[in-house]
Structures are given as structure tokens and as C-alpha cells.
Participant: 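One structure, pasted below without further comment.
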Amino acid sequence: MAITQLSAFLENRPGTLYDAVSSISDAGVNIRALSVADTRDFGILRLIVSDVEKTKEVLSDNVVITQTKVIAARMSDEAGALKKILKVIQDTGVNIEYVYAFTSSVAGSAYVVLRVNDIEEAEAVLARNGIETLSDSDMTGLL
Amino acid sequence: MKNYYQKEIETASREEILKIQNEKIVKQVKHVYDNVPYYRDLMDKKGVKPEDIQSVDDIHKLPFLSKDDLREAYPYGLLGTDLKKCVRIQSTSGTTGKRVVAFYTQKDVDMWEECCARAIVAAGGTDEDVVQVAYGYGLFTGGPGLNGGSHKVGCLTLPMSSGNTDRQLQFMMDLNATILCCTPSYAAYLGESLAERGYKPEDNKLKAGIFGAEPWTEEMRQSIQKSLGIKAYDIYGLTETSGPGVSFECEEQTGMHINEDHFYAEVIDPKTGEVLPEGTKGELVFTSLDKEGFPLLRYRTKDICILSRKPCSCGRTHVKMTKPLGRSDDMMIIRGVNVFPSQIEAVLLKEGYSPNYQIVVDRENNTDTFDIYVEFSPEQFSDKIADVQAREKALNGAMRSMLGIGPKIHLVAPKTITRSEGKAVRVIDKRKLH
Ligand SMILES: [Zn+2]
């Protein structure tokens with residue numbers, strides 16, 4: 001199951017990240033995971049949130065947003081968990097565009113977010129290898 | 001005095017020059033009327049017949065030609081002779097992407113090169129000199145013009161073309177170049193590069209430089225003269241009339257003598273088209289008196305300048321023009337290349353972007369910087385950095401093929417480019433050029 005990621009284009013100047021984050025929290029939405037990729041000129045803020053629609057609503061007036069599907073794969077709390085995930089995906093020939101990780105307060109749970117060029121293939125191979133992935137509804141409920 | 005390439009004509013009396021001009025203009029107007037239908041139509045519309053032009057005093061009756069006409073008539077519409085007689089083209093960018101293509105017969109090439117030869121000799125050049133031509137070669141007129149002029153004078157010519165600074169410096173030092181021809185910003189850059197490599201200004205053999213194709217200031221002249229240990233001469237020209245050498249500076253360095261036996265100069269009010277008296281600031285207009293391939297009459301250069309007939313200590317009698325003091329249109333000269341905002345707009349639309357953009361031009365270390373900020377649309381946004389950068393790179397490539405130089409592209413979010421009173425500021429030129 002894939003989850004929804006929102007990406008926002010941020011100009012590289014002070015305050016843009018703060019403005020985006022504060023309008024999300026003012027709307028009562030939880031940010032589950034976040035990563036910022038930046039260049040000299042701009043940054044791309046990637047977000048996994050508890051309420052996608054509400055986040056789009058509060059952000060879209062001020063920043064450009066795009067919505068993409070990403071995979072959130074559970075990493076078991078043991079050495080080599082991430083390595084295993086990357087290995088099974090690599091073996092299928094699916095390309096990973098970028099990754100970031102987050103933890104949840106659910107006991108021992110860490111997740112890696114994977115942006116890949118073939119999401120169905122990646123999901124299938126993860127499922128075959130018994131690696132758990134999250135769905136949008138998990139994100140709404142996840143603590 | 002040996003400082004003339006063609007002493008007789010360069011120092012001719014006012015009467016003699018007028019006599020030459022009058023003879024040439026009558027012939028030229030008749031020839032253009034008979035051979036260039038595009039201009040004949042313009043004359044007919046204005047109700048001017050070739051017989052109405054009996055001397056240069058009648059030139060004001062003729063219709064103007066503008067860059068728009070050149071675009072309209074592209075490519076052959078203003079050709080003045082049988083294509084078979086033409087031996088060369090040169091080209092420069094036009095207002096909306098269509099390039100200006102100018103045709104030259106062998107006689108035109110010779111005339112142009114003679115004009116450049118006059119400039120080289122005025123800068124102290126003789127057949128003993130080694131001339132390093134570091135202007136671009138090719139469609140751009142800078143390299144070919146000075147190269148030809150240098151041959152005519154009999155100098156040893158180093159056809160370096162632009163760029164490759166290491167090689168430029170190596171040849172300059174090893175082959176004892178005495179005269180350097182390039183854009184002023186590149187001259188400044190070469191001066192700095194020499195210093196960086198531990199050379200003092202007196203270590204090179206250069207005595208003079210002939211610099212043009214872009215605006216430069218008196219301060220820049222002083223700094224180039226100091227860093228290279230030379231005297232720096234200005235040169236002016238445009239592809240539409242021939243190329244560099246339409247006018248050039250003498251040792252007085254107080255303006256450029258226009259080669260009046262080939263080019264008739266007027267200064268007009270850019271709004272009304274009215275001819276302004278000597279000493280008044282206005283738009284420079286050239287009539288080519290003897291060009292065959294591309295004989296433009298009353299071509300509006302859009303360069304703002306002042307003409308002066310004050311006697312010059314160099315002995316030359318031809319009228320002097322100031323450096324261009326500005327433009328009457330929105331053309332910018334960036335790294336020696338003509339750039340119009342309309343060209344940039346055309347590329348953006350073609351590549352699927354909104355025409356919301358801002359051009360920022362500045363000068364760092366004597367080199368022009370050229371940045372374009374472009375608003376993308378929400379649909380063009382991707383969560384992947386590589387996608388955004390690929391877009392910037394593609395746009396840079398499209399700009400480069402249209403303009404001849406590549407700007408740094410910055411994609412920015414919609415509605416972020418500053419608008420003053422609702423109207424976006426398209427060009428921010430931070431260079432202090434005038
Ligand atoms: Zn003079």
C-alpha cells in the first residue's frame with residue numbers, strides 16, 4: 001500500500017519553511033514525517049501528514065504543491081533492516097529516487113519512505129519478502 | 001604624420017568629403033530604388049523618388065529602416081545586388097529570434113576591412129605589429145572585421161577568436177603581441193589573469209588595444225590601460241552597416257571618427273524622427289553610401305549618442321560620435337551579444353512557460369552575469385530536484401540556441417516575481433555602463 005506525500009516548492013530564503021510548517025500546525029494537522037531537499041536557489045519540502053486534504057487547503061494559497069505516492073516500509077528493529085529493504089528493491093531493477101525515514105511511537109517502529117520509479121513493482125516485491133508497508137489510512141491513525 | 005591608413009580621405013576637407021558623399025548618395029539611392037523592392041515600396045509610400053535625392057541634404061526625405069524591417073525582409077528582402085556577386089554573410093541576433101543576415105560583396109568586405117585598418121593604424125598599428133584578435137570569429141563581425149583590417153595593414157595577425165584564456169596569454173607573451181582586439185570586458189579579464197600569473201603590466205609587449213562590441217566606461221578604460229600597460233581605443237560598428245570600424249577612436253580618445261566617406265550619420269529624435277542639430281543627444285541613424293550587398297539607407301541603430309565636428313588634434317576631419325550613451329529600445333548587450341527581452345519571452349512561450357520572468361544582468365570581475373528568473377506553473381512542479389534542474393538545463397539550452405549565450409536559469413514559484421503597480425519588472429541591469 002502506498003501513501004500520499006505532499007511536496008512544496010520553497011524559495012531559499014529565511015522563513016519559508018517556518019511559514020509552511022506553522023500554517024500546517026495551526027490547522028491542527030500532524031506532520032508524520034518530513035524531509036527537505038535543497039539547492040542553492042530553492043528547496044523541496046516533502047511531507048507525510050495526518051490530513052492530506054486539509055494540508056493542501058492551507059498551503060496551496062502560498063506555495064506550489066504537488067502530490068505523489070510513496071512507499072512507507074516498516075523497518076524491523078534489528079541490524080540490517082534497511083539494507084534488506086534496499087536490496088530487494090534493487091534486485092528488481094526499480095530505481096529509488098530518494099529516501100528518508102521516520103519513527104513512530106508504535107513500539108519499535110521505524111519507517112523508510114521510498115520514492116521509486118515503479119511503485120507497483122516495488123510494493124509487490126516488498127510484500128513477497130514479508131516487509132510491511134503503510135497505507136493512507138494508517139497515516140491518519142498512526143500516533 | 002604616418003598615423004593614417006588612408007591619409008588623403010581621412011584628413012580630407014569638409015568640402016571634399018561632402019563632394020564624395022553627394023556623388024555616392026545619388027547613385028546609391030537610385031541603385032537601391034531599382035534593385036531593392038522592399039525599400040522602393042517604402043519610398044513610394046512616402047512619395048519620394050530617387051530624383052528627389054540630389055545631395056546628402058536630401059537624405060532626411062528618405063524613409064527609415066528599423067530592425068523590424070530587417071525581420072520582415074529576412075532573409076533576402078534587402079539584398080542590394082545579385083546573390084552571385086555576394087561572397088560572405090555575417091549575422092547577429094534580431095528582436096524576436098529571427099537573425100539579421102547581412103550580405104557582402106568582395107567590394108563590401110574590402111571596404112569594411114579598410115575601415116578596420118584605419119582603426120588599427122589610428123591605434124598606432126604598422127606592418128611591424130603583432131595583432132591578437134580575441135573577438136569571436138564566425139557569424140559575429142568582431143573577429144572577421146579586425147582580422148581583415150590587420151591583414152590590410154600588414155600586421156602579423158593572431159586569429160585567436162574568443163575564450164581559452166590560457167592559450168590567449170601564452171600567445172600574447174610568447175609571440176609578443178603588440179595590439180589586442182577584443183571586448184573591453186575580456187581585455188579587463190586578460191589583464192587580471194596576467195596579474196594572477198605573476199606578470200606585471202610592463203612584462204607584456206602590448207602597446208594598444210582596440211575594444212568594442214559592448215558598452216564600457218571611462219573608468220573601465222583607465223583600469224584596462226593600467227592593468228595591461230597599453231592605450232585603449234574604442235571602436236564601434238554594427239552588422240547591419242558592416243561591422244566594427246564604422247567609427248573608431250584616435251589618440252585623442254574623445255570620441256570615435258565615423259568613416260564618412262562610407263557612412264552618412266544623422267542623429268534624430270527617436271520619438272518624432274526629426275533630424276537633430278550637431279551636438280544634440282539623439283538616436284544614431286546610418287546611411288550606407290556605397291555598400292552593395294546590404295545597402296541600408298537611414299537605418300535606425302537605436303543607439304543614443306552625440307555627434308561633434310569640433311576639429312580633432314589627430315588631423316582627421318571626419319565627424320566624431322560619443323560612445324553610445326544608451327539605447328532607445330530595450331536591447332541589452334550582454335558579453336558582447338545583443339539580447340532583446342522579446343527573444344527571451346519567445347523562448348519561454350515555446351518551451352511551455354508563462355511569460356512571467358525577470359532578467360538580471362550584472363558585472364562581476366569585469367564579466368557580465370546573466371540570470372533569468374522564470375515562474376513555473378503548478379503542473380510543471382515536481383517533487384524531484386533532478387526534474388527541476390533538468391527543466392532549468394533544458395531552458396538554458398533553448399536560450400543559448402536563440403541568443404548565442406546561455407543565461408543561468410532559476411525556476412521560481414508562481415507569483416513570486418516582483419511586480420510594481422501590477423506590471424512585472426522585466427529587466428534589472430545593475431551594470432553601471434553609461
Ligand atoms: Zn581624432
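Each chain gets a letter, A, B and so on, in the order the sequences are listed, and its residues count up from 1. All figures in this text were calculated on a predicted structure; none of them were measured in a lab.
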Participant: Using 4.0 Å as the upper bound for N to carboxylate O, is an ion pair formed by A:D136 and A:K69?
Facilitator: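 Yes, this pair counts.
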
Participant: Among the options A:I65, A:L6, A:L10, pick out the one with the most heavy-atom pairs lying under 4.5 Å from chain B.
Facilitator: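 Looking at each of A:I65, A:L6, A:L10 in turn, A:I65 comes out on top.
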
Participant: Identify which part of B:E392 has an atom lying under 4.5 Å from any heavy atom of chain A, answering side chain, backbone, both or neither.
Facilitator: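 For B:E392, the contact with chain A is made by the side chain alone.
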
Participant: Assess whether atom CD of A:E120 is packed by more than 12 heavy atoms of other residues, nucleotides or ligands within 6.0 Å.
Facilitator: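 Counting other residues, nucleotides and ligands, CD of A:E120 stays at 12 neighbours or fewer.
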
Participant: Flag the pair B:E218 and B:R221 as a salt bridge only when some basic side-chain nitrogen lies within less than 4.0 angstrom of an acidic carboxylate oxygen.
Facilitator: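 Yes, this pair counts.
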
Participant: Checking A:Q5 against chain B: side chain, backbone, both or neither under 4.5 Å from a heavy atom?
Facilitator: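 Contact with chain B involves the side chain of A:Q5 alone.
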
Participant: For the NZ atom on B:K408, are there more than 12 heavy atoms of other groups (residues, nucleotides or ligands in this structure) within a distance under 6.0 Å?
Facilitator: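 Enclosed: over 12 neighbouring heavy atoms sit under 6.0 Å from NZ of B:K408.
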
Participant: Which bit of A:Y98 comes within less than 4.5 Å of chain B, counting heavy atoms only: side chain, backbone, both or neither?
Facilitator: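 A:Y98 touches chain B through side-chain heavy atoms alone.
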
Participant: Under 4.5 Å heavy-atom distance to chain B, tell me which part of A:T66 shows up: side chain, backbone, both or neither.
Facilitator: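 When you check distances to chain B, atoms from both the backbone and side chain of A:T66 fall under 4.5 Å.
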
Participant: One thing to verify: whether A:K87 and A:D91 come together as a salt bridge, which I'm taking to mean a side-chain N less than 4.0 angstrom from a carboxylate O.
Facilitator: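 Yes.
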
Participant: Considering only heavy atoms and a distance below 4.5 Å, find which of B:Q389, B:E379, B:H410 pairs most often with chain A.
Facilitator: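 Going by pairs under 4.5 Å, I would pick B:H410.
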
Participant: Tell me, side chain or backbone of A:L45 under 4.5 Å from chain B's heavy atoms, or both, or neither?
Facilitator: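 Neither the backbone nor the side chain of A:L45 comes within 4.5 Å of chain B.
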
Participant: Step by step, work out the side chain to side chain contact (heavy atoms under 4.5 Å, CB included) result for B:L403 and B:F370.
Facilitator: CA-CA 12 Å; B:L403 306 170; B:F370 179 22; 3.9 Å; yes

